[in-house]
Amino acid sequence: MIELEGVPELIDPVMVAAFEGWNDAGDAASTAVAHLEREWKGEVFAALDAEDYYDFQVNRPTVYMDGGVRKITWPTTRLSVVRVGGEKPRDLVLVRGIEPSMRWRSFCNELLGFAHELGVELVVILGALLGDTPHTRPVPVSGVTSDPDLARRMDLEETKYEGPTGIVGVLQEACTHAGVPAVSLWAAVPHYVSQPPNPKATLALLNRLEDLLDLRVPQGELPEDARAWQVGVDQLAAEDSEVAEYVQTLEEARDTAELPEASGEAIAREFERYLRRRDVGPPGGKPRPPAAGGGPRDEDDDGPED
């Protein structure tokens, strides 16, 4: 049985997880959880035993100096907890690690043991994949679940995906079989610029998480980083006529496909997020007035499969 000492009783806890590796194109998902942990000053309370799940020839430990003493950091998965303030405070259990090399079922069962012990009400798993999407358009983010009832209640897609899967898909199915509501949020990263980091995809995942959980995530420097990233990719594409032509083809295909859906629900969702960010202010603080010339961001949430 898992015993958690020093962890207070949590308020409406939700587990948010991301794993480096196959399910983390551009490091977008793992960076999103790292951002939450940093902005809300998460405190690590547990770590899985690296010996149980990782091949150290694949994910090697690192050596560092600490006050003149050599120490080793082992690749593993760590859990931290953060409290989101405001009128309706709630806690997030953040899971950040590396896709395990072995014993995936035991890995998932151990995480579910923590979820059960902490009273987690919902598991949200973040992922990112490579797609035929232009970097100049909003990052598509899809929300999927295996639970038909949850799909209807939370306006999600019921996944129909068949094929190879990673730890995100395995953990979601483990949650479903254990009776724990679970959702996966997937960001599509342009395959022609897949190297990390991708702050634009990270920001899109956090925006979708905001909508899903009805909370406000401090954005920090992410919006500025996302703009700088896009300007940099614009410049690289402009230097190669074949890449520029390919990007234009992707833009035309994306715009044509989305033209009938360019209004209504997506616009309303963006406006609601803008109002929440304008009126609520920093978590636990006073309401913050809108910035001069501010307005809704241009992100959407439709995208690829699980």
Side-chain angles (χ1 to χ4, degrees), residues 15-40 42 44 47-48 50 53-55 58-62 64 73-80 82 92 94-101 107 111 124-143 164-172 184-210 217-233 236 299 301 303-306:
M15 179 176 281
V16 181
F19 305 94
E20 300 173 19
W22 197 61
N23 295 141
D24 193 24
D27 291 353
S30 58
T31 302
V33 174
H35 178 86
L36 295 175
E37 191 173 47
R38 181 174 60 253
E39 291 293 325
W40 278 320
V44 175
L48 306 191
Y53 304 113
Y54 295 100
D55 179 347
V58 176
N59 298 291
R60 292 187 178 273
T62 57
Y64 68 99
T73 298
W74 296 94
T76 189
T77 293
R78 294 177 173 82
L79 291 83
S80 60
V82 300
L92 300 183
L94 304 179
V95 179
R96 182 162 64 101
I98 305 168
E99 183 176 70
S101 306
F107 180 87
L111 290 180
V124 182
I125 316 165
L126 307 183
L129 46 76
L130 300 179
D132 293 327
T133 181
H135 72 279
T136 53
R137 296 294 185 266
V139 175
V141 178
S142 60
T165 190
I167 194 60
V168 171
V170 172
L171 179 56
Q172 177 164 322
S184 296
L185 301 181
W186 287 96
V189 172
H191 66 84
Y192 58 89
V193 57
S194 59
Q195 64 271 24
N198 189 319
K200 186 174 181 179
T202 294
L203 185 59
L205 279 170
L206 292 173
N207 287 342
R208 188 68 175 89
L209 184 67
E210 280 189 327
V217 174
Q219 294 186 341
E221 298 179 355
L222 270 177
E224 182 179 347
D225 291 343
R227 286 191 291 270
W229 175 86
Q230 180 161 327
V231 169
V233 180
L236 291 174
E299 296 288 350
D301 68 343
E305 76 288 320
D306 183 15

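Values below: every heavy atom of this structure, side chains too, minus hydrogens, waters and symmetry copies. Numbering of residues begins at 1 and proceeds along the displayed sequence.
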Q195, CD atom: more than 12 neighbouring heavy atoms under 6.0 Å: yes
Nearest-0.5 Å distance, OG1 of residue T202 to NE2 of residue H35: 9.0 Å
Side-chain donor/acceptor of Y53 to backbone N/O of T77, under 3.5 Å: no
Residues forming a side-chain contact (heavy atoms from CB on, under 4.5 Å) with D27, sequence neighbours excluded: D24, S30, T31, P196
Side-chain donor/acceptor of S101 to backbone N/O of D55, under 3.5 Å: yes
Residues in side-chain contact (heavy atoms from CB on, under 4.5 Å) contact with V82, at least two apart in sequence or another chain: W40, L92, L94
Contact summary for A29 and A18, nearest pair of heavy atoms: O-CB, 3.4 Å
Nearest heavy atoms of F19 and L111, plus distance in Å: CZ-CD1, 4.0 Å
Main-chain N/O of V139 paired with K200 side-chain donor or acceptor, under 3.5 Å: no
From R227 atom CZ to E221 atom CD, the distance as rounded to the nearest 0.5 Å: 11.0 Å
Nearest-0.5 Å distance, CG of residue L203 to CD of residue Q219: 5.0 Å
Test side-chain contact (heavy atoms from CB on, under 4.5 Å) applied to T73 - qualifying residues, sequence neighbours left out: T62, Y64, R78
Validation row: V170, F107 side chains within 4.5 angstrom (heavy atoms): no
Over all atoms of both residues, closest heavy-atom pair of Y54 and E99: CE2-O, 3.7 Å
Which atom of A187 lies closest to which atom of L205, heavy atoms considered: CB-CG, 3.7 Å
Interatomic distance, L129 atom CG to S142 atom OG [nearest 0.5 angstrom]: 7.0 Å
side-chain contact (heavy atoms from CB on, under 4.5 Å) between V33 and V95, worked out: CA-CA 8 Å; V33 174; V95 179; over 6 Å; no
Atom of N23, atom of V168 and distance for their closest heavy-atom approach: OD1-N, 3.1 Å
Contacts of P61 that satisfy side-chain contact (heavy atoms from CB on, under 4.5 Å) - sequence neighbours left out: F56, I72, W74, P75
Those residues that, when tested against D132, pass side-chain hydrogen bond (donor to acceptor under 3.5 Å, both in side chains) (two or more places apart): H191
M15 side, atom CE; L79 side, atom CG - distance, nearest 0.5 Å: 5.5 Å
G166 versus W22, closest heavy-atom pair with distance: N-CZ3, 3.4 Å
Residue pairs fulfilling salt bridge (Lys or Arg N to Asp or Glu O under 4.0 Å) with at least one residue in residues 31-40, sequence neighbours excluded: E37-R96
Interatomic distance, T165 atom OG1 to L171 atom CG [nearest 0.5 angstrom]: 10.5 Å
